[in-house]
Amino acid sequence: MADPGTVDLPSAVRPRGGSERPLPAALVMIAAFALLLGVVELGIGLRTPDTLWVVALFTGVFWIWVAAGLLAWWRRPHNNTGLLLVVGGIALFLAGLVNLGVDALSVLSAIFATSPLAMTMHLLHAFPSGRLRGRLSITTVVLGWVACPVFQLVLVLLSATTPGAVPAVAAVQKTLGITVMVLTAIVLARRLVLADPGHRRVLLPLFGYGIVAVLLLAFAPTIVGALGWDPSLGGVTQLIVSAAIPVAFLLGVLLGGFRRTGALEPLSAWLGITGAGGPAVARALAGTLGDDSLRVVYWSAERDEYVDETGGQVDPAQRGPDRGWCEIRVDSRLVGAIVYDTRMTADPAPVRRAGDVLAIAIDRERLTAELLASNDALTQSRIRLVETADRERSRIAQDLHDGIQVQLVLLALAAQTIANAPDASAETSEASARLRHGIDEAAADLRRLVHNVLPVTLTERGLTAAAEDLVDRLAIPATLETDVEDAAISSTTAHTAYFIIAETLTNTVKHSKASWVRVILHTDAGRLHIVVRDNGVGGASVDRGAGLRGLLDRVDALGGSLRMRSEPGHGTEVRVELPCA
């Protein structure tokens, strides 16, 4: 059974070979070359049996570094840590050439004698992303390289030309080297303290040992000299300490710090075959890029913000200083972003390439949704239904106004005439007056019904006047801001806008306990924007009220949007956008 946290790529799209991805030929060549160099070094070392153990020790450490580097390079090809380990192994190999007893190689070894220290320091500062981060780390590493190979080259040249200056330069080199080693220990300790528990588990094996290692590398010769031991023990101690650096790195690998990355080509083929999307794509990308913390977020144009796969607001923790954001675009349209850990993936290039692959999947989902639910024919059909409903509403309102209302007025006049007749009895006059009063109440109810079905102000004077009428009749203080030209708005849009404003203001008076409400109407780029905002108790929801929920279909049919923000204790804001035409 597959791990639920991973996504299996179909065997049809996996690269052929005995494993999911064969070891690159270049790494095999490097491994073979390193093996050959070690064998040659051991072969030359046989000429001097007394120092053969030292040669064998240097060769073994060299192979350990190269092996760790090749493993890191294989697991994460875009990460420089593997390269740093391989180069560190080569530096150790060059430093050990002095033990072969060959004059030319001894000079070369003298130049690179301290380079392993600089490589160790560089690796510790760059782990796990493979790149240096922060001014202090960059400065420390630069000074380390100056203190080691640069000063070492100067010492070699001075020993051949001005031997008297060697002690002074060597003292400066030693002081600078100890300084950068101490700074390295401080930087590593600070990173461990500031790291979250998940990253601390990954960093602890290498950084914990690294703090001890850099201090031993800096002070081992001094300690050995102070104890009166053989000075060669200082160098052996440094070599053994250096040998454990890649071992500590491998522990970090086993604890999850260097999860293997995959190729984008199989992922692209898998997306094309399975049609997967959403969380499945995010998990596949996390496996491909080797970052379990990787997340895919989606751009919501309606909310003007990023949302997660469930449509919820993106966790603010995803915007931390160590989180990189790689935007995903289709053409020039923003569709989402990949959020990744810059401490694990310093180079954004593979993330951008993964984003290109992901964009295809997201755009395919968008196109499918549009074909199923938002094609042009369906939209036009829904608009025609809304327009038909408006025309029917207008006909009913007109019939009520011109028919029943006129009849009620005539009946009221007839009842009043009977009540005022000179030959009418007192009982008849009283009954006629009561009839007249009942007819007047019925007529008033009918006028309110007609107004609710289709306000006369809206049909005769337009949306602005109708909105002013709503605001003026409100039971709480209300203001209206508008720059709308009624002639630029279709009747369907005007009717929809009016009913939304009326329903929202009704809910405000009934439920919000607000002391003021503001209505804003403005047009921009062929769109009508409606904002209704109050200072009530908040906590409102479109899903709870039948009024606004019933208008959502109408808004959607016109190609508009309706959003409500109503945090408890912070009032309610309803934003609606409708096409003017």
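Just so it is clear, the values below take in all heavy atoms, side chains as well, and ignore hydrogens, waters and symmetry mates. Residue indices begin at 1 and follow the sequence shown.
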Can you tell me how far the [atom1] atom of [X] sits from the [atom2] atom of [Y], to the nearest 0.5 Å?
| X | Y | atom1 | atom2 | answer |
| --- | --- | --- | --- | --- |
| His495 | Ser490 | NE2 | OG | 9.0 Å |
| Ile186 | Leu136 | CD1 | CG | 8.0 Å |
| Phe499 | Leu470 | CZ | CG | 10.0 Å |
| Thr508 | Glu503 | OG1 | CD | 10.0 Å |

If we only count heavy atoms from C-beta on, is the [X] to [Y] side-chain gap below 4.5 Å?
| X | Y | answer |
| --- | --- | --- |
| Leu505 | Val532 | yes |
| Leu83 | Trp73 | yes |
| Val574 | Val531 | no |
| Ile520 | Thr482 | no |
| Glu327 | Trp325 | no |

Any idea which heavy atoms bring [X] and [Y] closest together, and the distance?
| X | Y | value |
| --- | --- | --- |
| His522 | Asp483 | CA-OD1, 2.8 Å |
| Cys580 | Thr523 | SG-CG2, 3.9 Å |
| Ile530 | Ala497 | CD1-CB, 3.4 Å |
| His511 | Val537 | O-CG2, 4.1 Å |
| Leu124 | Leu188 | O-CD2, 3.6 Å |
| Leu463 | Tyr498 | CD1-N, 3.9 Å |

Could you tell me whether Arg329 atom CZ has more than 12 heavy atoms of other residues or ligands within 6.0 Å of it? yes

Is the closest side-chain donor-acceptor distance between Ser515 and Asn535 under 3.5 Å? yes

Decide whether Thr493 and Thr496 meet the rule of one side-chain donor and one side-chain acceptor closer than 3.5 Å. no

Going by the rule side chain to side chain donor-acceptor pair (under 3.5 Å), which residues pair with Ser566 if we only count those two or more places apart in sequence or in a different chain? Thr572

Qualifying salt bridge (charged side-chain N to carboxylate O under 4.0 Å, His left out) pairs with a residue from residues 565-581, counting only residues at least two apart or across chains: Arg527-Glu577, Arg533-Glu573, Glu573-Arg575

Out of Thr479, Val471, Asp534, which residue meets the side-chain contact (heavy atoms from CB on, under 4.5 Å) rule with Val517? Asp534

Go through the structure and list residues passing side chain to side chain contact (heavy atoms under 4.5 Å, CB included) with Ala467, not counting sequence neighbours. Leu480, Ile501, Leu521

